[in-house]
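Notes follow once the structure below has been shown.
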Amino acid sequence: MDWDKKRTSDGYRLVEALRRDQTLSVEGFRELLRIEDEPVLECLYQNAREVRHMHYGKKVYTRGLIEFTNYCRNNCYYCGIRKGNQKAKRYRLKEEEIFSCVEEGYRLGFRTFVLQGGEDGFYTVEKLGEIIKKIKRAHSDCAVTLSFGEWDGDAYQYWFDCGADRYLLRHETANASHYAMLHPKEMRFSHRMACLKRLKEIGYQVGAGFMVGSPGQTLDHLIEDLLFLKSFQPHMIGIGPFIPQKDTPFGEKASGSFMMTLKLLAVLRLMLPKVLLPSTTALGSIHPKGRELGILSGANVIMPNLSPMGVREKYLLYDNKIFSGDESAQSISHLRDRMDAIGYVLCVERGDSLM
Ligand code: 5AD
């Protein structure tokens, strides 16, 4: 028997089964994620595109990202803005600065603003609540998304009552022992999972997600991530390759695989057909066509940077992060051209989840 041919035809069968059943057995996922055969991968991406076209057509939703503080009380081993990184130049935006980012974004056409920051206690529950209310009062047609880490349920509820619509909190890994390899012991896997559950109960559109190729990650961990996401049914999923940041404990580790990230985007599109799936900054940072190839693998969201130019180089979760040129919200017309060139249409509507 010709084993190469058999592997290829098994590959096509797995893609077909995944599209039909929206899941696979653990063994099936193992085989599919090991495939590097170009024609099979092209078939996987093609199927992911077809499924995304059924629900979202050729639209690419945009979100204006405002990185409002890089102070953080946590010490995640992978992250450049971890508390222990003495070399990080810290900043926090004043309320007026946040609003002027929003105003500029609104003028540029953005109708979703993502307030992302380290877990910085300077922004008390009330202070952040005021910011949310003010944005919603000025622009009731806009969605406000928070990406601000782990807080207690009352804080999440309060911000929701102030008008926040969505919350991004990557689970980082669905395996408890792997979680403990990525985080110091005061950070608890169970707490992160409890936060995600609570956010969903409150009524947020919730985003989970993980890094591809984070240190210690095995193929079976990735499969656990896929199965967790399938059962949790988040509205959004953020995944991108791990990229080392030199001043962190993982500074010498290897980056995650670009191809594996594309494969996982396509697999997730087939598992959760209606999910909002960004082609992330990390993907754009490790490959010049990363954003485009993410979209061509089933992603349907892009989050250009609206943070003030002067602070962007300080929000360094990892090295070589892209933050100027086409990454800028200000260059939205270039981004539109880039999407146009691959047959997609950048759009400015809120882009709520269909789930
Ligand atoms: N490489 C890639 N992604 C990272 N993140 C944090 N540090 C890194 C890194 N070194 C991701 C985490 C976090 C999100 C905001 O950024 O998954 O949840």
Side-chain angles (χ1 to χ4, degrees), residues 63 65-85 87-88 114-120 145-151 166-175 178-179 181-184 187 189 191-193 195-196 199 206-217 221-222 225 228-229 234 236-258 260-262 264-265 268 277-287 290-291 294 301 303-305 307 312 314-323 327:
R63 283 67 167 99
L65 182 63
I66 303 170
E67 295 155 335
F68 68 100
T69 172
N70 72 351
Y71 283 86
C72 189
R73 62 183 173 200
N74 291 326
N75 252 322
C76 309
Y77 300 139
Y78 46 84
C79 184
I81 65 166
R82 65 200 300 271
K83 180 179 170 193
N85 182 4
K87 296 213 173 132
V114 181
L115 299 181
Q116 183 170 93
E119 290 180 20
D120 179 2
T145 305
L146 302 177
S147 173
F148 193 42
E150 296 179 33
W151 299 89
R166 310 182 184 139
Y167 205 105
L168 307 178
L169 183 71
R170 291 187 176 181
H171 64 285
E172 311 297 358
T173 169
N175 178 282
H178 185 223
Y179 193 90
M181 293 171 67
L182 301 178
H183 304 95
M187 292 187 71
F189 176 69
H191 189 254
R192 196 146 190 105
M193 289 297 181
C195 285
L196 278 165
L199 287 162
V206 176
F210 59 92
M211 291 174 285
V212 179
S214 58
Q217 185 182 64
H221 291 151
L222 286 173
D225 286 319
F228 162 70
L229 290 166
M236 306 170 277
I237 298 176
I239 67 166
F242 161 76
I243 305 173
Q245 202 289 327
K246 60 182 181 350
D247 305 311
T248 63
F250 289 164
E252 301 295 315
K253 304 281 185 190
S255 288
S257 147
F258 181 68
M260 181 59 95
T261 310
L262 297 182
L264 288 162
L265 284 171
L268 285 165
L277 200 55
S279 186
T280 53
T281 310
L283 193 63
S285 294
I286 58 163
H287 190 291
R291 298 277 208 186
V301 175
M303 297 166 59
N305 202 320
S307 311
R312 283 189 202 175
K314 298 184 186 144
Y315 201 85
L316 285 185
L317 305 184
Y318 42 83
D319 291 329
N320 305 314
K321 180 176 170 231
I322 44 175
F323 52 77
E327 280 326 294

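Only heavy atoms go into these numbers, but all of them, side chains included; no hydrogens, no water, no symmetry mates. Whatever order the structure lists them in is the order used to number ligands and atoms, beginning at 1.
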Partners meeting ring-ring contact (aromatic ring centres under 6.0 Å, His included) with Y318 (sequence neighbours left out): none
pair T173-Q217: side-chain heavy atoms closer than 4.5 Å: no
Geometric class of the F148/F68 ring pair [parallel <30°, tilted 30-60°, perpendicular >60°]: tilted
Working for side-chain contact (heavy atoms from CB on, under 4.5 Å), residues L283 and L262: CA-CA 9 Å; L283 193 63; L262 297 182; 4.2 Å; yes
Donor-acceptor pair, side chain of R291 and main chain of S279, under 3.5 angstrom: yes
Measure from every N or O atom of ligand 1 to the protein's N or O atoms and keep only the pairs below 3.5 Å, writing each with atom names and distance to 0.1 Å.
from     : atom 1 : to   : atom 2 : distance (Å)
ligand 1 : 1 (N)  : I243 : N      : 3.0
ligand 1 : 1 (N)  : I243 : O      : 3.3
ligand 1 : 10 (N) : Y78  : O      : 3.0
ligand 1 : 10 (N) : I243 : O      : 2.7
ligand 1 : 10 (N) : L317 : O      : 3.4
ligand 1 : 17 (O) : R170 : NH1    : 2.9
ligand 1 : 17 (O) : E172 : OE1    : 2.7
ligand 1 : 17 (O) : E172 : OE2    : 3.4
ligand 1 : 18 (O) : E172 : OE2    : 2.5

Whether H183 and Y78 hold their rings parallel, tilted or perpendicular, with breakpoints at 30° and 60°: perpendicular
